[in-house]
Colleague: 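Here you go, one structure.
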Number of protein chains: 2
Amino acid sequence: MMELTRKGEYAIRGIVYLAGQPTDCICLLNDIATAVDVPATFLAKIFQQFSKIGLVKSFRGTGGGFVLARSPDKITLLEVVEAVEGRIVPNRCVAGRDECERSVTCHIHPVWQRVQNQVRDVLSAVTLKDLVSE
Amino acid sequence: MMELTRKGEYAIRGIVYLAGQPTDCICLLNDIATAVDVPATFLAKIFQQFSKIGLVKSFRGTGGGFVLARSPDKITLLEVVEAVEGRIVPNRCVAGRDECERSVTCHIHPVWQRVQNQVRDVLSAVTLKDLVSE
DNA sequence: CCCTAAAAAGACATTATTTATCCTTTTAGG
DNA sequence: CCTAAAAGGATAAATAATGTCTTTTTAGGG
Ligand code: SF4
Ligand code: SF4
């Protein structure tokens, strides 16, 4: 339970590396993958997700690659994680539409909401800038 | 990520039910399973784990069954969850012996420790007593 | 002593998720 | 039109979650 997947770990490493590059540098996926030691094909999927939700900008064709869409201090760790893992949900019943008919009277339900809020708060308090500054 | 498994959900439901029974009541596994709507064979495994670490006491043979080993206000939700899910670990590197050679210099590492502490704090603040009292 | 009830233990079977690769398509530059 | 690079889709392999079945141990009661 509660464990970040490889995908999430890779996602963070990849985008943190990108955040650490000079602003005008258009990075190649393969270079990023090599630098952060992640299978390039897997990282490709991750960056596609980033691109779709607008965390990074991508350029195709010759001279293409990736750059951050916003400055590092405007991107939180929460956004990065939820981009690839989906919304952080400590229990099904805390997700949008409940499947659990007990949720109305359940005393545990609010505990999971508390957990969710705490975790999201911690992660949203950290930006990519915090993670690259040595 | 961060999702409680069925096993964890079942574990909570089962032990909360047990906590809600009269103190002297030795409950049959099958009765608990029926009451909380969990496959009996699966719940059996869960209660075996409870028994091993001393959350519940079990009695075998005729007239056997389960009772809580401690009063409900002395058992936290954290204990219950970690009994079946293992220690809450938001990322590998936060587990005992690190596999990640980056952990020494990594700026993300302490974030996961913060997440871990927050989650464990929330769960350890809730006891079975809180969960049964209507 | 034997029979029955009940949990403990171990060995599977099934399904879902994670992790990863490969191939084709689209886009853009030169 | 050729090449570089990301996008997209299909699929394979590995791992983990979920669930079932059978056998073993323990205890009570006739
Ligand atoms: S029983 Fe309570 S905690 Fe469990 S899924 Fe339902 S509402 Fe959520
Ligand atoms: S890179 Fe940092 S956060 Fe990721 S596993 Fe290693 S120590 Fe942990």
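Below, read A as the first sequence line, B as the second, and so on, with proteins coming before strands; counting in each chain starts at 1.
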Colleague: side-chain contact (heavy atoms from CB on, under 4.5 Å) between B:Val111 and A:Val122: does it pass, once the steps are laid out?
Modeller: CA-CA 7 Å; B:Val111 177; A:Val122 171; 4.1 Å; yes
Colleague: Atom CD of B:Glu9 to atom P of D:dA17: distance rounded to whole Å?
Modeller: 16 Å
Colleague: Rounded to whole angstroms, how far apart are CZ on B:Phe47 and C1' on C:dA6?
Modeller: 14 Å
Colleague: Would you please name every residue forming a ring pair (Phe, Tyr, Trp, His ring centres under 6.0 Å) with B:Phe47, sequence neighbours left out?
Modeller: B:Phe50, B:Phe66
Colleague: How many Å lie between CG on A:Asn91 and C1' on D:dA17, as a whole number?
Modeller: 15 Å
Colleague: Measure from CG on B:Leu43 to P on C:dA8 and round the result to the nearest Å.
Modeller: 11 Å
Colleague: Does D:dA17 pair with anything, Watson-Crick or G-U wobble, both distances under 3.5 Å, and if so, with which nucleotide?
Modeller: C:dT14
Colleague: If hydrophobic clusters are built from ILVMFWY residues whose side chains come within less than 4.5 Å, do A:Val67 and A:Leu29 share one?
Modeller: no
Colleague: Each nucleotide in nucleotides 17-30 of chain C should get exactly one letter: B, S or -. Can you fill that in based on protein heavy atoms under 4.0 Å?
Modeller: --SSB----BBBS-
Colleague: Under 3.5 Å, is there a donor-acceptor pair between the A:Glu3 and B:Asn91 side chains?
Modeller: no
Colleague: Under a single-linkage definition using a 4.5 Å side-chain heavy-atom cutoff for Ile, Leu, Val, Met, Phe, Trp and Tyr, are A:Leu28 and A:Tyr17 assigned to the same hydrophobic cluster?
Modeller: no
Colleague: Round to a whole Å and report the spacing from CD1 of A:Ile26 to C1' of D:dA4.
Modeller: 13 Å
Colleague: Rounded to the nearest Å, what distance is computed from the CZ atom of residue B:Phe50 to the P atom of nucleotide C:dA7?
Modeller: 15 Å
Colleague: In whole angstrom, what separates B:Asn30's CG from C:dA6's C1'?
Modeller: 9 Å
Colleague: Quick check on side-chain contact (heavy atoms from CB on, under 4.5 Å): which of B:Leu131, B:Val84, B:Val56 does B:Ile15 satisfy it with?
Modeller: B:Val56
Colleague: Answer with base, sugar-phosphate or nothing: what part of the nucleic acid does B:Lys57 contact at a heavy-atom distance below 4.0 Å?
Modeller: nothing
Colleague: Check the distance between D:dA5's C1' and A:Asp31's CG and give it to me in whole angstrom.
Modeller: 12 Å
Colleague: Looking across every strand, which nucleic acid part, if any, lies under 4.0 Å from B:Phe66 by heavy atom: base, sugar-phosphate, or nothing?
Modeller: sugar-phosphate
Colleague: Between B:Thr34 and B:Asp31, is there a side-chain donor-acceptor contact under 3.5 Å, judged purely by atom types and distance?
Modeller: no
